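Reading through the structure tokens given below for one structure.
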Amino acid sequence: MLLVKAARDARVKAYAPYSQFKVGAAIRAASGAIYQGVNVENVAYPEGTCAEAGAIAAMVMGGETEIAEVAVIADSPSPVPPCGGCRQKLAEFAGKDVKVTLATLQGEVMETTVGALLPGAFGTGHMVSPSEDGM
Ligand code: THU
């Protein structure tokens with residue numbers, strides 16, 4: 001699995017001195033290019049960022065805004081699902097059917113989709129006002 005390997009290769013570069021929990025993420029974008037990301041923690045804990053966010057930032061920097069597939073890996077007893085915020089971040093650039101592979105270093109794999117991870121997602125359609133004055 002190419003994308004899981006890309007996530008695994010990225011993971012070693014994670015900056016996680018506080019949790020010691022290194023996460024790697026990889027996104028295959030519409031062009032076929034692969035973008036990697038890692039979690040980057042901060043001494044002010046809430047300022048840390050997730051691996052998925054890093055991969056998304058790399059993709060946008062690469063000039064792409066369409067996710068075709070995602071993989072996330074961590075050294076965990078079971079495949080680690082993206083946090084709530086990352087689910088919304090992925091949904092910004094991915095259709096409901098986009099495959100998300102969650103993996104452990106030991107080789108356990110769980111496959112899901114962006115739609116399954118974030119049912120009932122808030123989207124642009126919710127901001128279309130049915131009334132004329134927008135009230
Ligand atoms: N983390 C990620 O990078 N992605 C996830 O999907 C789950 C959590 C990071 C955030 C933090 O640096 C560490 O894992 C522990 O929560």
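Quick note: residue numbers are just sequence positions, from 1. Please read these numbers as outputs of a predicted model, since none were measured by experiment. Order of listing sets the numbers, starting from 1, for every ligand and every atom in it.
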Counting only pairs under 3.5 Å, give me each side-chain donor-acceptor contact of residues 78-87, with atom names and distances, residues two or more places apart or in other chains.
from	atom 1	to	atom 2	distance (Å)
Arg87	NE	Pro82	O	2.8
Arg87	NH1	Leu117	O	2.9
Arg87	NH2	Pro82	O	3.1

Could you find the nearest protein heavy atom to [atom] and give me its residue, atom name and distance?
| atom | result |
| --- | --- |
| atom 7 (C) of ligand 1 | Val80 CG1, 4.0 Å |
| atom 3 (O) of ligand 1 | Ala51 N, 2.9 Å |
| atom 14 (O) of ligand 1 | Phe21 CD2, 3.5 Å |

| said: Quick check on the hydrophobic clustering: are Val23 and Leu3 connected, directly or via other members, by side-chain heavy-atom contacts under 4.5 Å? | reply: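 Different hydrophobic clusters.
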| said: Do Val72 and Tyr35 sit in one hydrophobic cluster, given that two such residues count as connected whenever their side-chain heavy atoms are within less than 4.5 Å of each other, even indirectly? | reply: yes
| request: Determine, counting only non-hydrogen atoms of the protein, whether one lies under 4.0 angstrom from atom 16 (O) of ligand 1. | output: no
Under 3.5 Å, which donor-acceptor pairs link side chains of residues 90-103 to any protein atom two or more places apart or in another chain?
none

| query | Checking Glu64 side chain against Met59 main chain: does a donor-acceptor pair fall under 3.5 Å? | reply |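 Looks like no, no N/O pair under 3.5 Å.
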| message | Looking at Ala53, is its backbone amide N or carbonyl O close enough to the side chain of Thr49 to form a donor-acceptor pair, meaning the two atoms are under 3.5 Å apart? | response | no
| query | For atom 10 (C) of ligand 1, which of Ala16, Cys50, Ala14, Pro81 has the closest heavy atom? | reply | Cys50
| request: Report the member of Glu41, Arg87, Glu52 with the shortest heavy-atom distance to atom 13 (C) of ligand 1. | output: Glu41
| message | For Tyr18 and Tyr15, take the angle between the two ring planes, folded into 0 to 90°, and tell me which bin it lands in: parallel under 30, tilted 30 to 60, perpendicular over 60. | response | perpendicular
| Hey, does Cys83 sit under 4.0 Å from ligand 1 if you only count heavy atoms? |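 Right, Cys83 reaches ligand 1.
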| note | Val23 heavy atoms within 4.0 Å reach ligand 1 at atoms 1 (N), 2 (C), 3 (O), 4 (N), 9 (C), 14 (O)
| field | Test of proximity, Asn39 against ligand 1: N or O pairs below 3.5 Å | value |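 Yes, at least one N or O pair falls under 3.5 Å.
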